[in-house]
Structure formats: structure tokens, C-alpha cells
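Below is one structure, written out as C-alpha cells, with a few remarks after it.
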Amino acid sequence: MQRSLRLFSKAERIMDLKSKKVTGKTKFSGSSAKLSRIFITGGAGYIGSHVVKTLGEAGHELLVYDNLSTGHEWAVLYGRLVKGDLADTTLLNNVLSAFRPDAVIHFAASIQVEESIREPLNYYANNVVNTVNLLEAMIRHGIRNLIYSSTAAVYGIPGTIPVSETAPLCPINPYGASKVMVEGILRDLAKARPFNYIALRYFNVAGADPKSRIGQAYAEATHLITRALKTARGEYEKLSIYGTDYSTPDGTCIRDYIHVDDLADAHVLALEYLMDGNDSDVMNCGYGHGFSVREVVAAAKRVTGINFPVLETDRRAGDTPALTADSARLRQKTGWSPHHDDLDFIIRTAWEWEKKLSPIAININKER
Ligand code: UDP
């Protein structure tokens with residue numbers, strides 16, 4: 001480790017050295033529960049920071065590589081943080097060569113559907129080209145294990161729900177298309193080289209750390225639960241319901257909302273599964289049932305006790321009517337089972353976080 005620490009301080013890239021004392025205990029019990037070194041791109045972001053928390057609590061040695069475009073230094077509760085971009089292949093290779101990870105978890109990506117329709121090239125550059133940069137660097141440094149953040153958007157408008165991993169991949173926006181491309185690249189690479197991966201297809205990730213240390217903190221909130229809670233806080237005048245004429249029971253879209261800590265557990269179990277020598281795979285991450293936009297709005301009002309204003313508007317471009325996960329593969333192969341399958345709990349943790357977030361956001365803005 002001396003070597004890596006020297007390299008990083010020389011390059012003045014380390015934002016933080018929070019190598020906390022670890023217990024070496026893990027609630028995960030697979031045979032690879034031994035501690036590993038894990039390189040995490042995008043680990044300062046919403047989902048990445050929850051996975052860092054879970055891995056850090058289990059005692060793994062972590063290095064987060066994040067350009068902080070949407071992530072935050074304060075969100076990295078464990079390990080070290082290097083501010084870096086995947087387009088900066090020199091820095092990327094230097095950091096990998098010094099850290100020598102056993103595995104990589106790759107979160108860093110652009111994730112907004114609407115923006116991807118407006119700026120497709122940015123999405124293909126950041127999500128596809130930068131992932132190729134990462135894969136090339138992994139191959140160069142002999143790193144064989146990857147957990148990849150994919151998405152339910154790969155399915156587009158599925159014929160049946162809950163949708164299984166074998167359903168056709170028909171993305172309806174550049175964001176989903178960029179993730180399908182990378183899944184294809186991973187499949188080809190695993191055939192050509194000693195390289196294994198699990199692509200986790202996330203459904204609608206929501207909620208926050210139950211201790212309110214971390215949570216969603218995007219400059220612009222687009223997700224339903226976050227927008228509803230910010231409206232309850234008075235940050236927005238009203239919440240728009242995008243489309244009430246879908247072919248669903250109440251006319252609004254149905255989604256499978258999964259608590260971010262349950263998703264974090266899925267990453268750790270998928271990583272153990274991979275490091276136990278199992279084959280590459282793709283796995284859905286969701287609870288298997290969904291809620292309509294109207295049901296989520298009602299739950300947000302119930303949890304907050306605030307009857308915030310709601311406006312029914314036109315459909316939003318790129319939305320699929322109903323999307324829920326068949327997560328049998330994840331459950332059977334990794335032993336995953338959810339602990340927070342409760343919409344009110346998800347919203348309550350997000351609400352506690354929202355109430356704490358405003359002062360943090362103000363501090364961030366002051367620093368700029
Ligand atoms: N939605 C809405 N109002 C909002 C944000 C989202 O009605 O302010 C709807 C959106 O059209 C979709 C569902 O809520 O049907 C979930 O959207 P979100 O952006 O949270 O996640 P997505 O499913 O697009 O990944």
C-alpha cells in the first residue's frame with residue numbers, strides 16, 4: 001500500500017483518506033467473504049455510495065474513482081476517493097496499477113432518459129466509450145471481475161411483466177441503448193479473455209440510508225419519489241403526474257421501486273457469487289411488484305403528512321407504461337432477499353434524507 005499512497009499524494013488526486021477501522025465482519029456469508037480490494041467507479045453517486053457503505057461496513061478495502069460531476073465527496077463513507085474521469089486513461093491506469101484491485105464495480109454513467117434523447121452522443125461517449133476505456137485498463141492490469149450497473153430500460157416496453165432476463169432487449173431511448181451496447185461488449189469480452197461479469201439490471205431505485213448519512217443529491221431531481229418529497233418540502237410548487245392515459249388500472253405508469261440498501265446487498269452478493277468462480281450473468285434487481293404514480297403520490301402524502309399540490313400533465317417522452325422485475329435469478333443464484341420491501345419505508349427514509357439535505361446542498365453551493 002505504501003506504493004499506492006505515494007503515487008496518489010504526488011498526483012494530488014486523493015480527495016479524502018477515510019480508511020476507517022474495520023471489523024472484518026460481514027453479514028454476507030459466501031466462501032469469498034474474505035476481504036477484497038475493490039475499485040468502484042461512480043462510488044460518490046447515489047447508488048454507488050450505498051454500495052460503498054455496505055462494502056465498507058463488511059471490511060473490504062475500497063478505492064472510489066469518481067469525477068464528482070454528480071457525486072459528492074461527503075457521500076463516500078469508507079475507503080479512499082480519487083477524483084478522476086474514465087476518459088483520463090493515464091490517471092485510470094496509474095490508479096489501477098497502484099491499487100491492484102480484485103474486482104471492479106462500475107457505476108459511473110449518465111442516467112437521465114430525457115437528457116439522453118436530447119444529447120445522445122454524450123450518452124454513448126460517457127456510457128459506452130468510457131466503459132471501453134475501463135475494460136481496456138482492466139484487461140491490461142489483469143483484473144477479471146466486474147459488477148456492471150445496467151438497467152430495466154434495456155427492455156423498453158416488455159411484452160409481459162414481471163419481465164425476466166430472457167425477454168428481448170428493445171430499448172426505447174439512448175440511455176437504455178447505451179446499456180444494451182455495453183452488455184453486448186461484456187458478453188463478447190467474457191468469451192475472448194479471462195474475464196467475468198455480472199450485469200445487474202436495476203429497476204426503480206429509491207429511498208436512502210436509514211441513518212440519513214447519504215441519499216439522493218442530484219443538482220436536478222427527476223425521479224418521482226424525490227420530486228414528490230421536494231414538492232412536499234416546498235422546493236417545487238407542484239408535482240406533475242406525467243400521463244394519466246396509460247393502459248394501466250389507474251392510467252398512470254407502474255414501476256418496481258427497490259430500496260437502495262437492498263440493491264446494495266445485491267451488489268455484494270453478486271460480487272461474492274462471481275468471486276466464487278461462477279459464470280458471467282445478467283440479473284434483474286427489483287421486488288417483483290409495482291406501484292402506480294398515483295399510488296406513490298398517495299404514499300408520499302401519507303408519509304409526510306403534507307397534502308402537496310399535484311397536476312396531471314401530458315406523458316413524458318421515453319416512458320414505458322409498466323415495468324416490474326422477475327428477480328428469481330438473483331434470488332436463486334446469489335441468495336438475495338429484500339429487507340425493505342415496503343413503499344412507506346422507502347419513502348420515509350427518503351423523506352428523512354430530504355429534510356437533512358437542504359443544509360448540505362447550501363454548503364455545496366457556497367463552496368463553488
Ligand atoms: N413521474 C411523474 N412525475 C415526476 C417524475 C416521474 O409522473 O415528476 C413518473 C414517470 O413518468 C414514470 C414514473 O413516474 O412513469 C417513474 O419515473 P422516474 O423518473 O422516477 O423513473 P424511471 O422509471 O423513468 O426510471
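Along the sequence shown, the residues carry numbers beginning at 1. Both ligands and their constituent atoms are indexed starting at 1 by order of listing.
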| So, Asn126 versus Ser110: side-chain donor-acceptor pair below 3.5 Å or not? | yes
| query | Hydrophobic cluster mates of Val180, side-chain heavy atoms under 4.5 angstrom, ILVMFWY only, any path? | reply | Val154, Tyr155, Val163, Leu169, Phe203, Leu323
| request: Give a yes-or-no answer on whether the side chains of Arg329 and Asn284 include a donor-acceptor pair shorter than 3.5 Å. | output: no
| task | Just say parallel, tilted or perpendicular for the rings of His50 and Tyr46, cut-offs at 30° and 60°. | result | perpendicular
| task | Please answer whether the main-chain N or O of Asp102 pairs with a side-chain N or O of Asn145 as donor and acceptor at a distance below 3.5 Å. | result | yes
| request: Can you tell me which residues line ligand 1 if we count any heavy atom under 4.0 angstrom from one of its atoms, in chain and number order? | output: Asn204, Thr222, His223, Leu224, Arg227, Leu239, Ser240, Ile241, Tyr242, Cys253, Arg255, Tyr257, Val293, Arg316, Asp319
| Cationic tip of Lys333 above Tyr273 ring, under 6.0 Å, 45° of axis | no
